[in-house]
Structures are given as structure tokens and as C-alpha cells.
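Structure first, then comments.
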Amino acid sequence: MSQSATDAARRGGELKERIRAADHAYYVLDQPVLSDAEYDRLMRELAALEAAHPELADPDSPTQRVSGAPAARFERVAHREPMLSLGNVQTDAELDELDARVHRLLGLPESVEVAYVCEPKLDGLSAELVYEDGAFVSGSTRGDGAYGEDVTRNLRTVGGLQANRGVPQRLAGRPPRRIEVRGEVLLQKRHFEAMNQLILRQGGVPFANPRNAAAGSLRQLDWRITATRPLSFIAYEALVPHGEPWGTHWEKLRALAALGFDTNPENALCHGIAEVKRYRDRMERRRFELPYDTDGVVVKVDDLDWRRRLGAASKFPRWAAAFKYPPQEEATRVRAIWASVGRTGILTPVVEVDPVQLSGATVSRATLHNEDEMRRKDIRQGDWVLIRRAGEVIPEVVKPLPERRTGAETFFEFPRHCPICGAAVVREEGEKVYRCTGAACPAQLQGRLRHFAQRRAMDVDGLGDKLCAQLVETGLVKDFADLYAITHERWEGLERMAEKSAQNMVDALERSKDTTLRRLLFGLGIPQVGEATAATLARHFGTVATFLAASEEELLAVRDIGPESAREIRAWTSEPQNVRVVERLLAAGVAPAPEEVDARGALAGKTVVLTGGLSRLSRDEAKAEIERRGGKVSGSVSRKTHLVVAGEEAGSKLEKARALGVRVIGEEEFLALLEE
Ligand code: IVH
């Protein structure tokens, strides 16, 4: 063997090993070790190497098979038709080539415009759902394409983009005898953020991205855990054995929607490859506005007859391809790391980097969640790092590039004193975070004001970050109550405040006084009191005074309040300063309406789950009615559920209720109950 051939064999072996390890980490452990861009680079290098050295050809090479072997902990299910993956195209020239090949293989003259359906390439994991006689009988992951993992129970709990959609237990309309529906299971960005926040608060290791979170959530051995994760299923393909009843993919998508699936509202029928390119440009621009992650656009020949004639090569169909967006990662240098102080006094490391272009925006800052993450990832000042924009505005630091270190890098020591107010910074035992102890810290005050003013709390229209900062800097506001004492003239005296905006602020504050107890309690930023707890407390205590007077024992007696919450809430209400602020808010005219509850109401102490659509009242109205009668509305059915109200097209929750023997009533019965 020549020298270059041995080198190629060695490099090929290395590449295969790295790719296999990365596949295992990604598909089986849901903890990726490479960025998508790095993975693609390795794959391309291996493919090029194999092309140049045919003697390396190996049917087991990662270039020859679909990744993602099914994990042994699940039953294996065979896909009747293999689940293929898609070939990549990256440039306009490659798109033109695709179109030219379609023309050539079908014997079409150039003048004929081929219709393509374009769909966002959803960045989740694909799943196949099998329906027989309209009933959902089995569901699986893609696995290695031939065999997937049986996750039927888990899939039953998966929702849709809209609350009342998702994985139907029964198909609507007139479904074929057997139909295999394929689509993507994903976690919407807002759900992903919320889930990671929760994990961080509990001191856990957050998921790297929504895809991993979705995969980890679906591939749970206990389907009840999956049920707690707000996953969505979007359908994009369907197969019917022995003759599909549709002529085009576009018709198929419409049929899927009629059967009860969510299909992507962004899908479009494009005539000719030029329209495809315009669609791709539009999607790439809008990419970060979409509620879920996408990593490209899927282009599919619309005519199903043509598809059959085009067929598939070993791994990819010839009738479809994925246009992948350029990677959203960039390498840049860390200029400095510093600690920013939030509303609760928590210090978060902020990484300042040399500005780089990332998906159309100039980026000069990236976040690390806490000191542990900084240490775990080993990020130093002066380091070259990889940063990634995963949909949020502020990118995250993926990892350092240690091979580029010069030795001049320095560790960032967390400050012992708050960089804003100078008070001591402490990291309490068992805590993941450092906290500023300054009671009057301006950074904390600014964060608290924002929290107080936000829509879900006191809803003070127009009181954004910049204005809050000004109020604190000018000393106009030292606590929430000061807000209501600011006169029109004072507002007008602030920077960039015209007469009209000053009046708007006065009006907005006036409007915010008409509020509810739950909004006020949430807005005050009491430790452990999120929106849900605020609602519970408001329902339980009814008035501010009763709440402030409650002892730790009385708090502990409230449903859903644990010992730690009771202690922290009581600590807050025993602080005279806090009580004084609340009293001044009330004196200024803030009038929190009690959440009306009837302790002897028809639903007192009952947990109710709403599923499906109601025709005579909205979900929010139904929820309010239940709460007014002393009941609590929960999002998922468990053994603790007392009652399930099932409306139109009730889905998996209804199934679960039946399985657990929970009482189920329909809309009419529910309305009658409200009349009682
Ligand atoms: S069609 C052979 N449509 O991309 C047809 N796939 O690389 C393959 N994907 O495993 C499926 N969005 O997880 C199709 N609108 C879409 C898609 C999509 C995302 C994923 C899917 C598949 C992978 C193929």
C-alpha cells in the first residue's frame, strides 16, 4: 500500500470512530459532543476520502447508513417502509442541479416547471404513528431507519402546536384502513426555555437545545414523565399500503390536517425552482421568529406519481432534499467576563466577545448560566470560543477552543462584592449561584421593577428596561410604591420623554391599580412565588392583609405550599420594609380584587382537567368558573384528578382518564354543574 493510502485508511478509521461516538452521544444519550457544523465537516471529509480511495468502501461506514441505532431499552419496531433521511443541498447551484436531475430522470423538457412543496426543516426527532381503522395502534422513533423504538405510550401524551391538537387517539373523517403518519416531535422554544429554567432552579444540568430536550422527553421509559413535557407533533408525511388515495403531496398534507393532525402552516406549494429559492430566503430571514427551531428547508416533488418514478438511492430519496442553513455557530475571542446582577441578586457570568456576525445580527455578548457552567466548560478570558445562537437573542457559549490557547488566558474569579452596590456576595451551601446581599442594590431594584411592571404581573404598559434603569439611576424610585408617586412633570423631565409619553406613563400606572391579588403577589417578587403559587395564595387568603398576617404554619397548610416555600414567604412578610411597601401601594390606590372562591362551591378542593374544545365558553372562562367554585385546573390527568371535562376532539387526556378510571363529563354536564 502506498504511503498516502495508509494515511487515508488511518484517517478514515479515525473519522468513522469519531462519527460513531458522536452518533451514540447524540441519538442514544441525547447529549451531543459535536456541533452540527463539526459533524457535517467530519461526514464530508469521510465521504471525500472514500470517494478518492474506493478501496476504503465499507457498507458499515457512517456515510452508508442512517444514523441513530435504536436503544436497547425500548422494544424494536420494524418500519414497514424504511424511514430515510434527506440529502443536503447547500447552494443555489446545488438546488439547480436537483431540479435538473428531476427533469432528466422524468424525461421532462426544461420548459416544464416542476411543482415542489417546501416545508421548514423542523429540528426535533422524527416519529411514525400507525393507525388501523382510525385508531392509534403503535408509534415509534426513526431509529436506524429500518427499526425504531416503540414509544407508543409516550406518543399518546404528545400535543400539537395548538393546545387541542397533537397525536390523535382516533382519526377524524374517513381514514384509510391502515395509514402510517410521519412527522416531527419537537419542543417549542418557549417551552424549552421554561423547562431549562426549572432544571437550573433545581440545580440540574440544562438541555443543550430544544432538539435534545424533545428527544430526552420522548424517549423516557416512564410515559408519565413524557406526559409532563409539552411536546408537539407536526405531521409531514403519510403512507398508505397498496395505493395512496392522493395525487400530490399538497393534497396529502391537507388530508393529514383533516384527519386531525397539525401540519405546518408555513408549508408552501412552489412552482419551479426559482420560487423554491424565494421560499428558502424568506424562511431563513424569518427563522428566529418561528416558535420552534428549524435548521433548513425541505424541498419535495409535489406529484406523487413522479415521486414513485424517481424512487430512492440507498440512503436518500431522489424526490426530496434538505437545504440546510449555514451553521449558526461562530468562533470568536473572549474579551472579558464579568458578573451581571439580576432581580433576585443572582450574579450571572456575562461573556463579552469580539463582535461577530451570527445569523444576520452582530453579536458581542454571550451567556453562561452560572459559575458551575463556566467552570465545567472551562471558559477563560482571552479564550477562543464557539458561540451559538439557538433562537434566543443572546447567544450561548458552546465551548472553548483550547488548541488556540496561548497561555495568556486568565480565569475569571467571581467577585466577592457586588460590582454594582459593593455589598457582600455569598454562595450559600447547596446553592449553584452567587447572590448579592445588598438590600438596596440598584441592579436588583431595576430587575425587580421590570418584574413588577411586566404584563403577567401589574401590567404597566411602557415601563421597559431602559426606563426602569433611568428611574433607578435618577433615584426617583427606591421601591415599587415610589412608582405611583411620580408626577407628570417628573416623567417629562426624564431623558427621551416627551409630553405625550409622560402622560402615557401616568395613565398606564393609573390603569395598573385596578388589578387582582394574584398579579400583585406575583409582581412583588416574593421568593418562591411564581405565577401559579401567587394564584394559589390569592385564592386561599383572599386579601393582602390576611396574606401578610399568615404564620408559617398557616402558609404550610395551603395546598401546594411546601416547607421551604412557607419559610421563605414568611421571612419576606416578616420584613417590616416589605410590609411598608405593600401598605404604601394600597394607600396609592392599588386595589387588588380578591380571586372569588367559594369554599363550599360545587368543585371545592377538586382537581379538574379540561380537554378538547368547548363550544360555549373559552378555556380561560371555563378555568375561571372552576376556580370560582373552589376547584383547581390542572394540565394533565393523574390519579389525583377528580374530574375530566371532555369537549370536542378530546385527545390523549381523555384516554388517560379512562385508563385511570377518572370521572369524565361532557360539555352539557359541565354546564349543568356550573348552574348548581
Ligand atoms: S420528510 C424521506 N419533512 O429531517 C423523507 N423531514 O433528514 C424524509 N425533518 O428524519 C422526511 N422536517 O427528522 C421531512 N418537513 C419535513 C421535515 C423533515 C424535519 C427531519 C426528519 C428526518 C430528517 C431527514
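Along the sequence shown, residues carry numbers from 1. We count ligands from 1, going down the list as the structure has it; atoms in each ligand are counted the same way. Everything numeric in this text was worked out from a predicted model, so none of it was measured.
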Any donor-acceptor pair under 3.5 Å from His249 side chain to Tyr116 backbone: no
Backbone of Val77 reached by a side-chain donor or acceptor of Ser140 within 3.5 Å: no
Arg174, CZ atom: more than 12 neighbouring heavy atoms under 6.0 Å: no
Contact partition for Arg142 relative to ligand 1, non-hydrogen atoms under 4.0 Å: side chain
Proximity of Leu86 to ligand 1 by residue part, where a heavy atom lies under 4.0 Å: both
For Glu97, all residues meeting salt bridge (charged side-chain N to carboxylate O under 4.0 Å, His left out), sequence neighbours excluded: none
Distance filter under 4.0 Å to Ser126 heavy atoms, resulting ligand 1 atoms: 10 (O), 13 (O), 21 (C)
Side chain to side chain contact (heavy atoms under 4.5 Å, CB included) against Arg153, all qualifying residues, sequence neighbours excluded: Trp223
Check: Glu110/His103 side-chain N/O donor and acceptor closer than 3.5 Å: no
Closest candidate by heavy atom, reference atom 9 (N) of ligand 1, pool Trp319, Phe316, Tyr236: Tyr236
Identity and distance of the protein heavy atom lying nearest atom 15 (N) of ligand 1: Glu119 OE1, 2.7 Å
Which of the ligand 1 atoms, numbered from 1, are nearer than 4.0 Å to a heavy atom of Pro317: 2 (C)
Nearest-contact summary for atom 12 (N) of ligand 1 - protein heavy atom, Å: Leu122 N, 2.9 Å
Under 3.5 Å side-chain donor-acceptor pair for Thr141 and Glu149: yes
Numbered atoms and elements of ligand 1 in range of Pro120, under 4.0 angstrom, heavy atoms: 12 (N), 15 (N)
Lys300 heavy atom under 4.0 Å from ligand 1: yes
Shortest protein heavy-atom distance from atom 23 (C) of ligand 1, along with the residue and atom involved: Lys121 NZ, 3.9 Å
Flag for Asn267-Asn264: side-chain donor and acceptor within less than 3.5 Å: no
Ligand 1 contact on Glu184 by region, counting heavy-atom pairs under 4.0 Å: side chain
Within reach of ligand 1, part of Ser85 (heavy-atom separation under 4.0 Å): both
